[in-house]
**Student:** 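Here it is: the structure, laid out below.
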Number of protein chains: 2
Amino acid sequence: MAASETLTAERILEATEEVLRRHGPAKATVVDVARALGVSHGTVYRHFRTKAALREAVSKRWLDRTSQTLSRFVTEDRDPEARVRDWLAALFAAKREKAGGDPELFATYSVLAEEAGEVVSEHIDELTGQLTEIVRAGVDSGVFTVTDPAIAARTVFQATGRFHDPAYAREWRKPGAEEEFGAMVELLLRGLRG
Amino acid sequence: MAASETLTAERILEATEEVLRRHGPAKATVVDVARALGVSHGTVYRHFRTKAALREAVSKRWLDRTSQTLSRFVTEDRDPEARVRDWLAALFAAKREKAGGDPELFATYSVLAEEAGEVVSEHIDELTGQLTEIVRAGVDSGVFTVTDPAIAARTVFQATGRFHDPAYAREWRKPGAEEEFGAMVELLLRGLRG
DNA sequence: GGAATGACAGATATTGAAATCTGTCATCTG
DNA sequence: CAGATGACAGATTTCAATATCTGTCATTCC
């Protein structure tokens, strides 16, 4: 039996991701997860209070991977304007790659995220927080002239929603999407500079 | 019988809107529309090839009302910057009012629009066309410094998507939405000015 | 004794048969 | 004869019976 190893929250999450990959968000059940782990479903409920909590944890994991990837631009010691550009480009690239690489899995995670409102809010707060730091660096160095870096960052994030919100995923593969993204970033940077 | 008047496409569209209002998008049938008009459903098919075509026509009507409302800002002889501001504000106000006033009807039309891809594309082309004209006026008068008014207008329209795309309707009633909209418009105007 | 189990009640999902709807067209009606 | 009808075939939806799932908890097992 695979039960030779201790049953950790981590192992349950991995099994859940696998079950979601196989069955999709509508058909993936807690019983399936338990079966995949070779335990009874009651045992899964010892680690996660509800099915919703389990799915939320999976969502969080998924979203955190993106935050992680982008965080490197925050600490870099480079021109803030270039960092805003690169941070946004990396966000778009990451999303587009995930959506294009395995559309079904991407749709699955999009459904999960839809359900997990709180987790998504926190993710967005994390991302705008990162962007705020870069914008603040730009204001401090005099490249940007906005009054409030936090508001400016939130606005830039919202303005680029079309290029990172899963609801728009089908637009990302259209020809011209790259150009549209470029025009958006340049217009926003003009706005940040003033 | 209500059939005293001639059966026009117009009358069918009105009856369809009424049926949609009553039954919602999922349950509204062509048979219902025919019944409301006191004719057989075969007669409705004489005017609209398919149910989808009928729904598209209803969507077009709905969207055209918004285009109509906004067109006045295009012809006005005023400061282009103020006109961009007002055009965007009018768009947001119109959408928010419709969504807030009768959420169920708004949801119904949102579903219809989702189905009618082509009609929505044309609507968006019409709106960005309007905005392009205002931006071009701004470039001509020297207030704006963007290279291509059409690209700039499209970008501004996309950036403000959060404030007019029905997918975001639930965000519009949140406190702070007005401020977020204001910050977005001001950042974009800074970008247009350069 | 702390972790795992599986029987259970209520909620949710699946299924397949019956009902309704879409779109066509031969026929009817003024 | 132009416009309307309603019967029809195939597609889609509805509905109720059946099966499965979620979440709990008394009991079992190391």
Side-chain angles (χ1 to χ4, degrees), chain A residues 1-59 104 107-108 111-112 114-119, chain B residues 1-59 104 107-108 111-112 114-119:
Chain A
M1 292 287 136
S4 56
E5 286 182 53
T6 323
L7 188 63
T8 61
E10 189 63 20
R11 279 191 63 222
I12 294 176
L13 288 178
E14 264 155 32
T16 305
E17 287 191 349
E18 179 56 22
V19 168
L20 282 165
R21 214 171 278 126
R22 282 227 175 90
H23 298 10
K27 292 192 193 161
T29 72
V30 176
V31 172
D32 290 332
V33 174
R35 194 165 22 234
L37 288 163
V39 301
S40 80
H41 75 279
T43 301
V44 173
Y45 279 97
R46 172 167 295 284
H47 295 261
F48 294 93
R49 248 193 308 285
T50 64
K51 184 188 184 183
L54 176 56
R55 291 178 150 224
E56 268 177 33
V58 171
S59 299
E104 218 168 321
T108 292
V111 170
L112 288 203
E114 193 96 9
E115 296 168 1
E118 180 69 15
V119 168
Chain B
M1 292 289 140
S4 57
E5 286 182 54
T6 324
L7 188 63
T8 61
E10 187 64 20
R11 279 190 64 221
I12 294 175
L13 289 178
E14 263 156 34
T16 306
E17 286 190 350
E18 179 56 22
V19 168
L20 282 166
R21 213 171 278 125
R22 282 228 177 89
H23 299 5
K27 291 192 195 164
T29 72
V30 176
V31 172
D32 289 333
V33 173
R35 194 165 24 234
L37 289 164
V39 300
S40 81
H41 75 279
T43 302
V44 173
Y45 278 97
R46 173 166 293 286
H47 294 262
F48 294 92
R49 249 192 308 283
T50 64
K51 184 187 185 185
L54 177 55
R55 289 175 154 231
E56 267 177 32
V58 171
S59 297
E104 218 167 322
T108 292
V111 169
L112 288 204
E114 193 94 12
E115 297 168 359
E118 181 67 15
V119 168

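Just so it is clear, the structure is predicted and the values come from calculations on it, not from any experiment. In what follows, every heavy atom counts, from backbone to side chain, and hydrogens, waters and symmetry copies are set aside. Note on naming: letters A, B, ... go to the chains in the order of the sequence lines (proteins, then strands), and numbering restarts at 1 for each one.
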**Student:** Enumerate the residue pairs fulfilling side-chain hydrogen bond (donor to acceptor under 3.5 Å, both in side chains) with a member in residues 45-55 of chain A, sequence neighbours excluded, ordered by first and then second residue.
**Tutor:**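 Checked against side-chain hydrogen bond (donor to acceptor under 3.5 Å, both in side chains) - neighbours excluded - the pairs reaching residues 45-55 of chain A are R55(A)-E115(A).
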**Student:** Of all the heavy-atom pairs spanning G24(B) and T108(B), show the shortest one and how long it is.
**Tutor:**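 What the structure gives for the nearest pair is CA-OG1, 4.1 Å.
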**Student:** Using whole Å, report how far CZ of F48(B) lies from P of dA4(D).
**Tutor:**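 My rounded result for the distance is 13 Å.
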**Student:** Kindly give the heavy-atom pair with the smallest separation between L20(A) and P25(A), and that separation in Å.
**Tutor:**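 Nearest heavy atoms, L20(A) then P25(A): CD2-CA, 3.9 Å.
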**Student:** Would you say dT5(C) has OP1 or OP2 under 4.0 Å from some side-chain N or O of S40(A)?
**Tutor:**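 Looking at the OP1 and OP2 atoms of dT5(C), one of them is under 4.0 Å from a side-chain N or O of S40(A).
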**Student:** About how many Å separate CD of E17(B) and CD1 of I12(B), when rounded to the nearest 0.5 Å?
**Tutor:**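 With rounding to 0.5 Å, CD1 (I12(B)) is 13.0 Å from CD (E17(B)).
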**Student:** Could you tell me the separation between the CG atom of L37(B) and the CD atom of E18(B), rounded to the nearest 0.5 Å?
**Tutor:**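 It comes to 11.0 Å.
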**Student:** Sugar-phosphate means primed atoms, P, OP1 and OP2; the rest is base. With that split, encode nucleotides 16-30 of chain C 5' to 3' as B, S or - using protein heavy atoms under 4.0 Å.
**Tutor:** -----SBBB------
**Student:** Please report, rounded to the nearest Å, how far the P atom of dA2(D) is from the NE2 atom of H47(B).
**Tutor:**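 After rounding, the reported distance stands at 15 Å.
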